[in-house]
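Encoded as structure tokens, the structure appears first; notes follow it.
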2 protein chains.
Amino acid sequence: MNTLAEENYLKSIYHLALSSANVSTNQLAALLKTKASSVTDMLKKLADKELINYTPYQGVNLTAAGEKIAVNIIRKHRLWEYFLVEKLNFKWDQVHDMAEEMEHISSNELIDRLDKFMGFPKHDPHGDPIPDCNGLVKTHHLEPLSSIVPGQHGTICGVRNHSTMFLQYLEKQSLTIGKKIKVAETIEFDHSMILQMEGKEIQISREVANNLLIAQ
Amino acid sequence: MNTLAEENYLKSIYHLALSSANVSTNQLAALLKTKASSVTDMLKKLADKELINYTPYQGVNLTAAGEKIAVNIIRKHRLWEYFLVEKLNFKWDQVHDMAEEMEHISSNELIDRLDKFMGFPKHDPHGDPIPDCNGLVKTHHLEPLSSIVPGQHGTICGVRNHSTMFLQYLEKQSLTIGKKIKVAETIEFDHSMILQMEGKEIQISREVANNLLIAQ
DNA sequence: TTAAATTTTTAGACAAGTCTAAATTTTTAA
DNA sequence: TTAAAAATTTAGACTTGTCTAAAAATTTAA
Ligand SMILES: [Mn+2]
Ligand SMILES: [Mn+2]
Ligand SMILES: [Mn+2]
Ligand SMILES: [Mn+2]
């Protein structure tokens, strides 16, 4: 149906479109670790296939057909990540690269059965929502921890940064998905925060607070 | 490490080498559904990488390094087939094409954990041996059913033909892996056979008998 | 509002893998 | 033992996806 490269472009356009209406050539080049000229070439192909709307110099967005493909790839990515963590006991910082390969296994029948096998999980190991078999994504609105004011309570429900380094740091601090926290204090000088979690105090930087997503 | 095309060539050479010492260009072209000239090009690449021994016009065989890669791909193929049948409830005639994609997922850590998760199965859904994590393949010697003489008993342990059509036929006749049979009679005229299985009589053609593998 | 900086596209090249057609080598069999 | 047939390789072309360098368009900011 679509090549591996095409699928990766569609997925990247989808992710970037979540924070900017029109996705630029350079944004895509940076995310895909390729050159702007290569991106332009591919955008023409995807536009020919009517998977994106592309006006030269104006950036792109997905058509309904393109978005459907992108969401399906993200569904597969997140279900495989869930499988790797829940069934094969990998840590949440180990699974992304494997899922990058597995998301391209083409069979939808396979992924629907995997979904059922695991009991239709709603979130992947990083707290991201798993689209259902009809392409429906339940995007819960989450606040970055940095915007929570002292005295308020919340639950860790996601991360903005998916790097191994950040995930390992969070694991070490026990700042994992589902944990309940209270913001005890914010330090004006560097915007660092002091949290209460399970009776203990944890101090985190503004950088960390910006990348932790909280439901209240 | 190696490209998808390279992996498929190595796997095909391995399979063909089981029945002919030196594998020919045309044999490979037929199995890979490609042209002899394409095969020649790839054989040069694999020879450069020292994964095969290649003398122009004389066919090829795998080096130790090439065989190791081929066996690892076959291990992954068969473990994923087992997963699809045992965990996701696919039928044995549905899993080959999916496994053809999944065998190229690169992580060995992943496949070793999958192996453990499933309890280290020894055979795939078609009765083929699953190589262990060190590349060791336990090849039990099996007879085609056509060479069993009347009066003898045996157990169905494998198939020579893996086509959907043949596997579906066997399923319908309940001629599946593990079934115990007795050869009641062979018909001289067309070499067809009458079997006793679970108290019932089954008549099969010479063609079918040639493609069923029996342990006595 | 225009010049400079930035972004994007175009032009031309390259590697991987495939193809057809033609040349070469090996095998078969008269 | 040699001519025909079959198998294999070579030559040249094409597609996909990538790159660098240069040209063109857009944005920024003086
Ligand atoms: Mn991921
Ligand atoms: Mn994830
Ligand atoms: Mn198979
Ligand atoms: Mn099999």
Side-chain angles (χ1 to χ4, degrees), chain A residues 1-17 19-62 66 69-70 73 100-101 103-104 106, chain B residues 1-17 19-62 66 69-70 73 100-101 103-104 106:
Chain A
M1 189 65 203
N2 300 290
T3 67
L4 190 136
E6 286 169 348
E7 289 189 348
N8 283 332
Y9 273 87
L10 291 173
K11 186 181 54 154
S12 294
I13 294 167
Y14 180 91
H15 283 312
L16 290 170
S19 39
S20 57
N22 258 33
V23 175
S24 77
T25 303
N26 269 359
Q27 279 180 299
L28 278 167
L31 186 56
L32 287 161
K33 296 186 203 309
T34 185
K35 304 293 165 177
S37 55
S38 307
V39 173
T40 301
D41 287 344
M42 181 58 88
L43 294 184
K44 288 180 195 162
K45 281 179 216 165
L46 293 174
D48 282 348
K49 288 186 153 194
E50 302 191 61
L51 298 174
I52 61 172
N53 301 116
Y54 171 51
T55 319
Y57 295 101
Q58 303 307 307
V60 292
N61 50 59
L62 294 172
I69 295 167
I73 296 162
E100 284 291 301
E101 291 183 54
E103 72 191 7
H104 301 288
S106 57
Chain B
M1 188 66 202
N2 301 291
T3 66
L4 190 136
E6 285 169 348
E7 289 189 348
N8 283 333
Y9 273 86
L10 292 173
K11 186 181 55 154
S12 294
I13 294 166
Y14 181 91
H15 283 312
L16 290 170
S19 39
S20 57
N22 257 33
V23 175
S24 76
T25 303
N26 269 358
Q27 279 180 298
L28 278 167
L31 186 56
L32 288 160
K33 296 187 202 309
T34 184
K35 303 294 165 177
S37 55
S38 307
V39 173
T40 301
D41 287 345
M42 181 58 89
L43 294 183
K44 288 180 197 162
K45 281 179 216 165
L46 294 174
D48 282 348
K49 287 187 154 197
E50 301 191 60
L51 298 175
I52 62 171
N53 301 117
Y54 170 53
T55 319
Y57 296 100
Q58 303 306 307
V60 293
N61 49 60
L62 294 171
I69 294 167
I73 294 162
E100 283 292 299
E101 292 182 54
E103 71 191 7
H104 301 288
S106 58

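Below, chains carry the letters A, B, ... as their sequence lines are ordered, and counting in each starts from 1.
Few gaps surround NZ on B:K49; more than 12 heavy atoms of other groups in view lie less than 6.0 Å from it. In B:E100, the CD atom is crowded: over 12 heavy atoms of neighbouring residues, nucleotides or ligands sit closer than 6.0 Å.
The shortest side-chain heavy-atom distance between A:I13 and A:L51 does not fall under the 4.5 Å cut-off.
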A:N8 and A:K11: CA distance, side-chain angles, deciding distance, side chain to side chain contact (heavy atoms under 4.5 Å, CB included) verdict
CA-CA 5 Å; A:N8 283 332; A:K11 186 181 54 154; 3.9 Å; yes

Could you go through the side chain to side chain contact (heavy atoms under 4.5 Å, CB included) check for A:N26 and A:V39 one step at a time?
CA-CA 8 Å; A:N26 269 359; A:V39 173; over 6 Å; no

Would you please test A:V23 and A:I52 for side chain to side chain contact (heavy atoms under 4.5 Å, CB included) and show each step?
CA-CA 11 Å; A:V23 175; A:I52 61 172; over 6 Å; no

Evaluate the criterion side chain to side chain contact (heavy atoms under 4.5 Å, CB included) for residue pair A:Y9 and A:T3; output intermediate values, then yes/no.
CA-CA 10 Å; A:Y9 273 87; A:T3 67; over 6 Å; no

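Residue-level contact check: A:T25 touches the backbone only, with heavy atoms under 4.0 Å from sugar-phosphate atoms and none from bases. Residue B:S38 is in base contact, counting any heavy-atom pair closer than 4.0 Å across all strands shown.
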Within the sub-3.5 Å range, which N or O atoms of nucleotides 24-28 of chain D have a protein N or O partner, and how far apart are they?
residue: D:dA25; atom: O4'; partner: A:Y57; partner atom: OH; Å: 3.3

Tabulated below should be each protein N or O lying under 3.5 Å from an N or O of nucleotides 14-17 of chain D; please produce it.
residue: D:dG17; atom: OP1; partner: A:T3; partner atom: OG1; Å: 2.5
residue: D:dG17; atom: OP2; partner: A:K45; partner atom: NZ; Å: 3.2

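Here B:K44 reaches the OP1 or OP2 of D:dT10: one of its side-chain N or O atoms lies under 4.0 Å away.
Although no hydrogens or angles enter the test, the distance criterion places a donor-acceptor pair under 3.5 Å between the side chain of B:E101 and the main chain of A:S106. Formation of a donor-acceptor pair under 3.5 Å by the A:N22 side chain with backbone atoms of A:Q58 is found in this model.
On the nucleic acid side, DNA chain C has its first and last nucleotide under 4.0 Å of a heavy atom of chain B at C:dA16 to C:dT26, going 5' to 3'.
Separation of atoms OH (B:Y14) and CD1 (B:I73) is listed at 11.5 Å; rounding is to 0.5 Å.
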